[in-house]
Amino acid sequence: MNYWLFKSEPTSYSIDDLVRDTTMRWDGIRNYQARNMLRDDVKKGDKIIFYHSSCAEPAAVGTAKVARAGYPDFTAWDPSSENPDAKSTPEKPMWFMVDITFSSKFKTQIRLKDMHENPRLADMRLLQKGNRLSIFPILKKHFETLVHLGAQ
DNA sequence: GCCAACGTTGGC
DNA sequence: GCCAACGTTGGC
């Protein structure tokens with residue numbers, strides 16, 4: 001069992017969209033580090049912190065779980081998709097995606113600035129300088145701390 | 001393999 | 001809108 005943090009811009013896809021959809025495809029990732037994790041490391045049943053980025057109040061807003069482990073991101077070879085990439089083909093897929101399912105929406109969202117003030121979260125990758133990956137692993141204690149704070 | 005130019009992310 | 005911190009591209 002691994003734990004992850006997934007970033008999403010709420011104007012594109014928010015926790016409320018996930019509440020509505022229940023399950024969604026996490027597609028369109030076009031970064032090799034993130035791709036490698038989606039392909040090799042994100043497993044069914046893994047737990048996810050859903051995080052809103054690039055918005056007025058960046059914050060962890062809920063949890064989800066992996067419904068389907070990595071499989072080829074077919075939006076890459078669909079020219080009409082939002083993130084087409086002609087270098088990826090059905091025969092040789094270059095990009096991967098996973099499916100995630102809604103688990104919970106936090107009673108209180110945990111703002112980025114609050115995370116910075118919590119010593120238990122100090123070593124979380126989200127808070128490291130220069131972090132720009134859209135998904136990355138976190139520790140169990142990070143997940144549990146965020147869930148605990150979100151329930152208050 | 002090096003590195004400059006460029007593009008993107010994301011907090012502020 | 002600004003800017004730091006990347007990642008990617010492409011000439012050499």
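We name chains A, B, ... by the order of the sequence lines, and we start the count at 1 in each one.
S53(A) comes within 4.0 angstrom of sugar-phosphate atoms only, judged by non-hydrogen atoms across all strands, and of no base. Counting any heavy atom pair closer than 4.0 Å across all strands shown, Q33(A) reaches sugar-phosphate atoms only and no base atom.
Residue M115(A) contributes atom CE, which lies 16 Å from atom C1' of dC12(B) at whole-angstrom precision. The NZ-P distance, from K7(A) to dC6(C), rounds to 12 Å in whole Å. Atoms CD (E9(A)) and C1' (dG10(B)) sit 8 Å apart, rounded to a whole Å. If you measure from atom NE2 of H52(A) to atom C1' of dG11(B), you get 16 Å, rounded to the nearest angstrom. In this structure, CZ of R125(A) is placed 14 Å from C1' of dA5(C), rounded to the nearest angstrom. For R30(A) and dT8(B), the CZ to P distance is 14 Å, given to the nearest whole Å. Put simply, OH on Y32(A) is 15 Å from C1' on dG7(B), counting in whole angstrom units. Straight-line distance from the CD1 atom of I29(A) to the P atom of dT8(C): 13 Å, rounded to whole Å.
Residues that satisfy the salt bridge (Lys or Arg N to Asp or Glu O under 4.0 Å) test with D123(A), not counting sequence neighbours, are K141(A).
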Under the side-chain contact (heavy atoms from CB on, under 4.5 Å) rule, what do I48(A) and V66(A) come out as? Steps first, then yes or no, please. CA-CA 7 Å; I48(A) 298 163; V66(A) 178; 3.7 Å; yes
Test salt bridge (Lys or Arg N to Asp or Glu O under 4.0 Å) applied to D16(A) and K105(A), step by step: CA-CA 8 Å; D16(A) 290 323; K105(A) 180 178 172 178; 2.7 Å; yes
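The side chain of N31(A) lies closest to dG7(C) when the candidates are dG7(C), dG10(B), dG11(B).
Judged by distance alone, the side chains of Q152(A) and H148(A) do bring a donor and an acceptor atom under 3.5 Å apart.
Aromatic ring orientation, F50(A) versus W26(A): perpendicular (interplanar angle above 60°, classes split at 30° and 60°).
Residues from residues 56-64 of chain A lying near DNA chain B, meaning a heavy-atom separation below 4.0 Å, are P58(A) in numerical order. Within a heavy-atom distance below 4.0 Å of DNA chain B, the residues of residues 129-139 of chain A found are R132(A), L133(A).
Of the charged side-chain nitrogens involved, none lies within less than 4.0 Å of a carboxylate oxygen, so that D73(A) and R25(A) do not count as a salt-bridged pair. Salt bridge annotation for R111(A)-D114(A): present, with a cationic side-chain nitrogen under 4.0 angstrom from a carboxylate oxygen.
At the phosphate of dG11(B), OP1 or OP2 sits under 4.0 Å from a side-chain N or O atom of Y51(A).
With ring centers used as reference points, F74(A) lies 6.0 Å or more from W95(A).
Here the shortest heavy-atom pairing between P137(A) and R125(A) reads CD-NH1, 3.8 Å.
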